[in-house]
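Below is one structure, written out as structure tokens, with a few remarks after it.
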Amino acid sequence: MELRIDKLLAICNEFKADTTKTGKKALLKREANNPIFKQYIKYVLDPLNTYGLQEKKIKKFLGTNHSKGIGNKDIFDIFEYLLQNPTGTDHTAHIVARFIDAHQSEEEKRFLLESFTKKMKLGISEKTVNEVWGKGFLNEFNVMLAKKFEDESHKIKGRKFVITEKYDGQRAVFFKNSNIISCYSRDGKRITGLVEIEQELLRLADGVYDGELLCWNHEELRDREVLQQTLKLTRKDGNKTGVRFFCFDYLSIDEFNDGKSKLGYLERREINPLNNKVICNEFKHACLIEILHIGNDLEVIPDMLAEMEERGKEGLMLNIADAPYECKRSDNILKLKTMLTADLRIIGFERGKPMGKFENTLGKFIVDYKGYPLGVSGISDKIREEVWNNQSNYLGAIIEVSYFRESQNEKGGLSVSFPQFKGFRWDKQEPSYN
DNA sequence: GCTCGAGAGTGGGGATTGGAG
DNA sequence: CTCCAATCCCCACTCTCGAGC
């Protein structure tokens, strides 16, 4: 089969033209025996493929004089080269720019730029691709994620639940299989160098140990400092010491690969090898998190949550006592945390990111937060359009912003985590912080 | 017929890494 | 050396289709 850009582009345009999910799945089925298109999808949609180049670096060389021709390289040769050399150097950017410039039509140039920067939007992702082309075609990693308590509380009335602390660290999933141990982040990226934790887990039974990494002094820190300090340790190159693993769930590797455990939460805790107190007294770097409460009485929650917040902790987790682990966002586990709000003044507007849905409309508000600029998103499509086209009507207006906690960066600047637009406060002329 | 769950695609702050200059 | 682009941690939210009631 011949590798032709125009053929790939035509198929991609079919995906973009059909907005229905069934239509996209039918297209995937139709192309199931097209090895070239499948390879293309692997390059542009596999979450573990990164190339170290985005629009800014490539544009630096687009339309410049390219000394040499592109030889007989095709698009897959370029992808392979980038996979082996995701360095983001001028050299690789130049290779990509030269390849793009060798194509005549603007449509093909745009197609190639979107492809190499992984900005190709077909309305499908690894889940849908794997559903049609088979599990494992694209790398997919799914851990259990919690839903919000407020949205789901009606589902737990009368059910027995277990409350634990919600830790604000880095998610880590250890796979222990005989003498081999590996660790993955929430998105399936390898975390290497956690030697202290790995040595301890190697002494335990096989299985998947799901939990949170926290810096050694997390008890002394408040709010977002815990996450910031933890990430400082876990994202450094080389061996990562001074980090502790707080395990909150355990299941077999087969169950994890199946996407669901057989046992309920309390049963899984019971068989969790870290539940052995003798062993855990010897361990310094791995432990099982403590249960704060078991019951079916929701009224205990507000006081417990208030106490956590007073201590600068993130909040609480609520597990349904007899519900299985599920490798997806699940209502078997709920998170409780309190969001704060402030009324802040709009001082600017920014368009959306290049090659994205909002590139020609409002991407975010810029507001003043205690003298520092803060970007605010979470805006409906309608309001984006209205504000973008009538900016003078909105400059200086006060908006209500929901956020998690105030944060401070290394330069001392103040900001907040997860700022989200809630609405206009036309009744207010001045900002206020609660 | 309607509701709501799940997937895809937006956006935020903050940190490290590594190349450019 | 400093600066900046890219990546990846932590996320919250909007929109849409279509399964399921």
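Each chain gets a letter, A, B and so on, in the order its sequence line appears, and its residues count up from 1. These numbers come from the heavy atoms of this one structure, side chains and all, not from hydrogens, waters or symmetry mates.
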Atom-to-atom span, [atom1] of [X] to [atom2] of [N] - whole angstrom:
| X | N | atom1 | atom2 | answer |
| --- | --- | --- | --- | --- |
| A/F358 | B/dT10 | CZ | P | 7 Å |
| A/K148 | C/dC11 | NZ | P | 12 Å |
| A/Y184 | C/dC8 | OH | P | 15 Å |

Inset, instruction - List the steps and the verdict of side-chain hydrogen bond (donor to acceptor under 3.5 Å, both in side chains) for A/Y51 and A/T92. - result: CA-CA 9 Å; A/Y51 304 114; A/T92 60; over 6 Å; no
Legend entry - hbond_proxy A/R224 side chain to C/dC10 base (donor-acceptor, 3.5 Å cutoff):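 Counting by modelled atom types and ignoring angles, no donor-acceptor contact under 3.5 Å is found here.
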Legend entry - 5'-most by nearest nucleotide on DNA chain C - A/K337 or A/T117: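 It is A/T117 whose nearest nucleotide is closer to the 5' end.
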Inset, instruction - Nearest-nucleotide wise, let me know which of A/S380 and A/R235 is further upstream toward the 5' end of DNA chain C. - result: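 Closest to the 5' end, via its nearest nucleotide, is A/R235.
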Measure from the side-chain heavy atoms of [X] and tell me the nearest of [options].
| X | options | value |
| --- | --- | --- |
| A/K21 | C/dC17, C/dC10, C/dA5 | C/dC17 |
| A/S377 | B/dA15, B/dG11, B/dG5 | B/dG11 |
| A/K236 | C/dC10, B/dG13, B/dT17 | B/dT17 |
| A/E410 | C/dC9, B/dA15, B/dG14 | B/dA15 |
| A/F418 | B/dG14, C/dC13, C/dC11 | C/dC11 |
| A/T50 | C/dT7, C/dA12, C/dC10 | C/dT7 |

If you look at every strand shown and take non-hydrogen atoms under 4.0 Å, does [X] touch a base, only sugar-phosphate, or nothing?
| X | value |
| --- | --- |
| A/T230 | nothing |
| A/K422 | sugar-phosphate |
| A/Q228 | sugar-phosphate |

Inset, instruction - Give a yes/no answer on whether the side chain of A/T19 brings an N or O atom under 4.0 Å of OP1 or OP2 in C/dT16. - result: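 Result: no.
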Inset, instruction - Verify the contact: side-chain N or O of A/K24 to OP1 or OP2 of B/dG7, cut-off strictly under 4.0 Å; return yes or no. - result: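 It does not, given that no N or O in the side chain of A/K24 lies less than 4.0 Å from OP1 or OP2 of B/dG7.
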Inset, instruction - Show the numbers, then the answer: is there a side-chain hydrogen bond (donor to acceptor under 3.5 Å, both in side chains) between A/S402 and A/Q420? - result: CA-CA 5 Å; A/S402 150; A/Q420 295 288 319; over 6 Å; no
Inset, instruction - Please determine if A/K119 and A/E55 form a salt bridge, counting it only when a charged side-chain N lies under 4.0 Å from a carboxylate O. - result: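 Salt bridge flag = no for A/E55 with A/K119.
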Legend entry - Any pair counted as salt bridge (Lys or Arg N to Asp or Glu O under 4.0 Å), so long as it reaches residues 320-337 of chain A, sequence neighbours left out: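 Sorted result for residues 320-337 of chain A: A/K147-A/D331, A/K155-A/D331, A/R159-A/D322, A/E314-A/K337.
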